[in-house]
Q: 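Starting off with a structure, shown below.
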2 protein chains.
Amino acid sequence: MEKLPAEGTQARRFGKTRFAQSTAVLEDYAELIADLLASAGEARPTDIARRLGVSHATAIKTIARLKRAGLATARPYRGVFLTEKGHALADRVRVRHRLVVDVLRALGVPSEAAEADAEGIEHHVSEITLKAFAQFLKLRG
Amino acid sequence: MEKLPAEGTQARRFGKTRFAQSTAVLEDYAELIADLLASAGEARPTDIARRLGVSHATAIKTIARLKRAGLATARPYRGVFLTEKGHALADRVRVRHRLVVDVLRALGVPSEAAEADAEGIEHHVSEITLKAFAQFLKLRG
DNA sequence: TATAAATTGTAGTATGGGCTACACTTTGAC
DNA sequence: GTCAAAGTGTAGCCCATACTACAATTTATA
Ligand SMILES: [Mn+2]
Ligand SMILES: [Mn+2]
Ligand SMILES: [Mn+2]
Ligand SMILES: [Mn+2]
């Protein structure tokens with residue numbers, strides 16, 4: 001019967017990390033597509049690919065995964081759109097990204113390093129940790 | 001000629017994140033194998049698999065990758081060993097892991113969340129950020 | 001409007017990291 | 001010493017993410 005690793009074990013922690021990793025790409029795409037929709041009015045595969053630094057073929061495949069996950073829709077040759085669920089994800093991810101960068105900056109990390117590291121770190125910050133980050137920034141004014 | 005994304009671009013940041021991700025698994029294996037070697041005198045695939053929460057077949061495949069990367073050696077039915085390079089990596093990773101957990105704790109994150117989140121975050125903390133973390137902990141006593 | 005350029009989509013390939021199933025070796029209990 | 005249990009290794013599968021190459025469509029320019 002017992003299937004999942006017990007609470008507080010190393011196995012459980014590694015499992016959480018693997019799960020976070022599996023959603024990281026979807027989160028970044030959702031955030032980026034929301035950005036493009038807001039700033040340019042549309043999100044084209046080529047723009048997405050350029051901003052991510054991958055080939056357009058790779059971007060298109062991941063967009064297909066976003067669709068399967070119910071996060072996005074697309075009209076051929078007309079760009080990508082976010083579902084309600086996709087927009088909600090993008091919003092959460094944007095806020096979290098900002099908060100992670102702000103905390104790193106507050107800890108004395110230079111801007112560019114903070115932005116670069118946050119791009120990876122953000123996907124591994126739990127709700128609990130996020131709350132602690134917000135509290136830290138608030139207290140520290 | 002121009003191949004890599006320019007400094008300070010989003011594409012460059014995403015690329016760094018992808019690279020960090022590709023080394024994350026190797027780092028965790030190296031750290032864990034060093035732990036097992038120190039505490040039990042040997043590092044068996046099954047022990048590694050159990051600690052990571054994956055099947056032994058998965059562990060064995062990743063151990064093969066460690067060998068290809070020159071980080072480990074293995075004798076059939078006798079366990080896994082780290083090369084000098086592997087030991088050096090394990091040492092760096094252990095120190096970094098500790099530092100990330102300590103910073104999270106200092107920011108008010110509860111122990112278990114700090115340990116869990118650090119398992120993913122650690123792989124995305126640059127040298128520059130690591131220095132800032134150390135400095136922060138030092139100043140703050 | 002015809003044609004060239006850019007974009008988009010698809011096909012095929014590689015690598016990585018999961019899994020289960022099965023065979024073989026070692027270890028441990030009797 | 002025998003034999004069962006545990007551990008180890010291999011094979012074959014799936015999915016995600018990357019790439020290049022090529023075809024189809026759309027957009028822009030002459
Ligand atoms: Mn990111
Ligand atoms: Mn981000
Ligand atoms: Mn880790
Ligand atoms: Mn670790």
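Letters A, B, ... mirror the listed sequences (proteins, then strands); counts begin at 1.
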Q: Report each atom pair, protein N/O against N/O of nucleotides 7-10 of chain D, whose distance is under 3.5 angstrom.
A:
residue : atom : partner : partner atom : Å
D/dT8   : OP1  : B/Arg44 : NH1          : 2.7
D/dT8   : OP2  : B/Thr46 : N            : 3.0
D/dT8   : OP2  : B/Thr46 : OG1          : 2.6
D/dG9   : OP1  : B/Tyr77 : N            : 3.1
D/dG9   : N7   : B/His56 : NE2          : 3.0
D/dG9   : O6   : B/His56 : NE2          : 3.0

Q: Does the pair A/Arg78/A/Glu42 count as a salt bridge with the N-to-O cut at 4.0 Å?
A: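 So A/Arg78 does not pair with A/Glu42 through a salt bridge.
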
Q: Any Lys/Arg nitrogen of A/Glu119 or B/Lys16 sitting under 4.0 Å from an Asp/Glu carboxylate oxygen of the other?
A: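 No salt bridge links A/Glu119 with B/Lys16.
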
Q: Please report, rounded to the nearest Å, how far the C1' atom of D/dT17 is from the NE2 atom of A/His123.
A: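 About 15 Å, once rounded to whole Å.
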
Q: Is there a donor-acceptor contact under 3.5 Å from the side chain of B/Arg13 to the main chain of B/Gly8?
A: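 Side chain of B/Arg13 to backbone of B/Gly8: a pair is present.
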
Q: Would you call B/Asp47 and B/Arg44 a salt bridge, taking side-chain N to carboxylate O under 4.0 Å as the test?
A: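 Result for this pair is no, no salt bridge flagged.
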
Q: Taking the side chain as everything from C-beta on, heavy atoms only, tell me whether A/Leu104 gets closer than 4.5 Å to A/Glu115.
A: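 A side-chain contact under 4.5 Å is absent here.
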
Q: Counting only side-chain N and O atoms of B/Arg65, is one of them less than 4.0 Å from OP1 or OP2 of C/dT15?
A: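 False: B/Arg65 side-chain N/O out of range (4.0 Å or more) of C/dT15 OP1/OP2.
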
Q: Could you tell me how far apart B/Leu66 (CG) and C/dT15 (C1') are, to the nearest whole angstrom?
A: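 About 15 Å, once rounded to whole Å.
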
Q: Using a strict 4.0 Å threshold on nitrogen-to-oxygen distance, state whether A/Glu31 and A/Arg51 make a salt bridge.
A: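 No, no charged N to carboxylate O under 4.0 Å.
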
Q: How close or far is atom P of D/dC15 from atom CZ of A/Arg68, stated in whole angstroms?
A: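 Distance, rounded to whole Å: 9 Å.
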
Q: Would you find more than 12 non-hydrogen atoms of other residues, nucleotides or ligands less than 6.0 Å from B/Ile128 atom CD1?
A: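 Result for CD1/B/Ile128: open.
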
Q: Mind listing the residues from residues 9-40 of chain A sitting with a heavy atom below 4.0 Å of DNA chain C? Number order is fine.
A: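 Residues of residues 9-40 of chain A that come under 4.0 Å of DNA chain C are, in numerical order, A/Arg18.
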
Q: Examine the side chains of A/His123 and A/Glu27 and answer whether a donor and an acceptor come within less than 3.5 Å of each other.
A: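 Per modelled atom types, A/His123 and A/Glu27 side chains form a pair under 3.5 Å.
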
Q: Expressed in angstrom and rounded to an integer, what is the separation of B/Leu52 atom CG from C/dG18 atom P?
A: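 The distance from CG of B/Leu52 to P of C/dG18 comes to 8 Å, rounded to the nearest Å.
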
Q: For a quick test of reading the model: is some side-chain N or O of A/Thr58 closer than 4.0 Å to OP1 or OP2 of D/dT17?
A: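 Answer no for this pair, as no side-chain N or O of A/Thr58 is under 4.0 Å from OP1 or OP2.
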
